[in-house]
Each structure stands twice: as structure tokens, then as C-alpha cells.
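Here the structure is laid out as C-alpha cells; the discussion comes afterwards.
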Amino acid sequence: MTGKLNLQGIGMTSRRTRTRLVQRLRDHGIASELVLDAINETPRHAFIDEALAHRAYEDIALPIGSNQTISQPYIVARMTEALLADGPIDKVLEVGTGSGYQTAILAKLIARVYTVERISQLLTRAKTRLGAIGYRNIFFKHADGSMGWREQGPFEAIMVTASPRMIPDALLEQLVPDGRLVVPIGNNRHQELVLIRNTAKGIEQTYLDAVKFVPLLGGKT
Ligand code: SAH
């Protein structure tokens, strides 16, 4: 990882390959035009090390250093679509900033994005990139995100981009009534992406997809 910003990088072809990626997501069932537009407008290659940037618009997860990965675009789209399915949201918490790509997509669609990452090196790099692209509505915290971000809560939506075995209580506690939480629950063999809704009748859980995320770990480094 060079940490060098790669905003032009692969240049002329990236817009065209991005349009092709959006078409692929549409073909795979992503229907939200808002989400598809956000993906179309976001330079994923800027969130990836230069050596891998030529693969940025393939629908695959890629390594971002520190043993972590940038999520697959289809999953980014699916999770974002699930959070926004009930209408617009003003304030979201993301657990697991990683490269900052998912953060960027959220920040195009939601007024204020609070994002928490436990690996300081990744957080710093994501912050630099997102600042350089021009985002001003993202707030960063270096911490164990399974505790949420209590001072800034409650949140209308929470997205967890690393996999816990069970949903951390702190996240449920920081969700507004009728709030939505998208989280991949499971272990290193089997994970299910689920949508949790905090309704008047209690917690409702809907299965979305089979997924493979890196584990949600405790502490920070
Ligand atoms: N949305 C990111 C996904 C990165 S992978 C992207 O597309 O780039 C998941 C990230 O979650 C990793 O960066 C990992 O360090 C982070 N993570 C894991 N456990 C965490 C925790 N308890 N709190 C905050 N971040 C965590």
C-alpha cells in the first residue's frame, strides 16, 4: 500500500467500466436508482492500492492491507439499498470503515455519516482519501465499533461491514424506534446478511443474502 491518492489513476476507461459495473448490479437485482447512481459517481479505484486499481470495477472484494478487504460492489449496493428501503435517512452509523468506499456511498445518500474503524492505519488512509475527494459530511472515530458511538446516537440506520457471531447489544440500543440495522452474522464458515428492524412489536429479522465478511474483532490497533 502506498497510501498515495489515485483519483485519476486508470483514467479514461474508469467511467466506462463503472457504467458496466452498474449495469451488472442492475442485472443482479439492485433496483434503487439512488444507490446505482451513487455507485456510478464514486471512483472505487481511488480506494484501492494502485497495483490492484485496474480490477476496481470488477464485482469482487479486494485486499486493502492489514488483512482486510474492500467489500464487493454488489454487497455494498445490497446493504445500502436495504438501509434506505423505507425512505430517506439523515444519520447513519457505519462499523468498519476499511477503505472508506462504503462510507463514500453512504455519504452521497445520507446527510451525516458516522464511521468507526479499529485499525488506525486504515482509518487514517480512508479519512485522507475521503477528504481529498471532497466529502464534508463524514465523522470518523478510531474505536471498537461493536460499542457503537453512543455520544452521537441514536441512529436511524446502522451498517456493520465486519461479521459478529451475535449482534452487539450496544448497536441495538443505539437504534431509533423503527431504525434499521444491516449486519452479516456468523463465523468464518457461514454468514448471513440480515436486516434488523426495531419495531414497536420488538426486533424483526429478515434474511438478505449469504455473505463472507472479515470478522468483527474487539479492541483497537
Ligand atoms: N466497508 C469496508 C469494509 C472493510 S472490511 C470497505 O468496503 O472497505 C471490514 C472492516 O471492519 C475492516 O477494516 C476491519 O478492520 C473493521 N473492523 C473489524 N472489527 C471492527 C470493530 N470491532 N470496530 C470497528 N471496525 C472493525
Side-chain angles (χ1 to χ4, degrees), residues 1 3 6 21 25 35 38-39 42-49 52-53 55-83 92-110 113-130 133 135 138-150 152-153 155 157-172 174 181-188 191 193 211-221:
M1 289 288 153
N6 182 25
L21 170 64
L25 299 182
V35 172
I39 289 185
T42 306
R44 189 168 183 253
H45 64 272
F47 294 86
I48 295 173
D49 189 44
L52 286 170
R55 307 198 66 183
Y57 300 102
E58 293 178 33
D59 190 19
I60 51 172
L62 290 165
I64 54 170
S66 309
N67 259 333
Q68 306 302 319
T69 52
I70 181 172
S71 305
Q72 179 192 351
Y74 171 76
I75 297 297
V76 169
R78 187 92 166 90
M79 292 174 87
T80 311
E81 189 171 62
L83 277 194
V92 65
L93 173 69
E94 178 192 36
V95 175
T97 316
S99 67
Y101 175 69
Q102 171 76 73
T103 323
I105 300 290
L106 291 171
K108 277 213 184 297
L109 300 166
I110 298 170
V113 179
Y114 294 85
T115 186
V116 183
E117 170 59 56
R118 64 180 289 278
I119 301 179
S120 72
Q121 207 187 4
L122 290 177
L123 187 70
T124 305
R125 208 182 290 150
K127 208 171 177 174
T128 307
R129 279 178 184 138
L130 291 162
I133 297 174
Y135 289 97
I138 304 172
F139 307 93
F140 300 86
K141 184 176 185 182
H142 178 218
D144 175 356
S146 50
M147 312 302 287
W149 190 339
R150 207 168 285 280
Q152 300 295 346
F155 300 94
I158 300 178
M159 181 185 288
V160 185
T161 72
S163 179
R165 284 170 182 269
M166 284 163 58
I167 302 168
D169 286 340
L171 298 184
L172 291 174
Q174 290 170 40
L181 164 64
V182 180
V183 53
I185 304 175
N187 51 42
N188 54 11
Q191 293 171 15
L193 186 63
V211 288
K212 189 153 177 44
F213 277 84
V214 297
L216 187 82
L217 300 174
K220 59 177 177 175
T221 92

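Each ligand, and each atom within it, is numbered from 1 in the order the structure gives. Everything quoted here is computed from the prediction, not taken from an experiment.
- Ring pair Phe139/Tyr114 is parallel by interplanar angle, where below 30° counts as parallel and above 60° as perpendicular.
- Atom CG of Leu171 and atom CG of Leu93 lie 6.5 Å apart (nearest 0.5 Å).
- Using modelled atom types, one finds a donor on one side chain and an acceptor on the other under 3.5 Å when comparing Thr80 with Gln102.
- In this structure, the side chains of Leu216 and Ser163 stay at 4.5 Å or more apart for every pair of heavy atoms.
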Hey, what polar pairs (N/O, under 3.5 Å) does ligand 1 make with protein?
residue	atom	partner	partner atom	Å
ligand 1	1 (N)	Thr161	OG1	3.4
ligand 1	7 (O)	Ser71	N	3.0
ligand 1	7 (O)	Ser71	OG	3.4
ligand 1	8 (O)	Ser99	N	2.9
ligand 1	8 (O)	Ser99	OG	2.6
ligand 1	13 (O)	Glu117	OE1	2.7
ligand 1	13 (O)	Glu117	OE2	3.4
ligand 1	15 (O)	Glu117	OE2	2.6
ligand 1	19 (N)	Leu217	N	3.0
ligand 1	22 (N)	Asp144	OD1	2.8
ligand 1	22 (N)	Leu217	O	2.5
ligand 1	23 (N)	Gly145	N	2.7
ligand 1	25 (N)	Arg118	N	3.4

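- Looking at Ile64, Thr103, Leu130 one by one, the single match for side-chain contact (heavy atoms from CB on, under 4.5 Å) with Phe47 turns out to be Leu130.
- Within the 3.5 Å criterion, the main-chain N or O of Arg118 finds a donor-acceptor partner in the side chain of His142.
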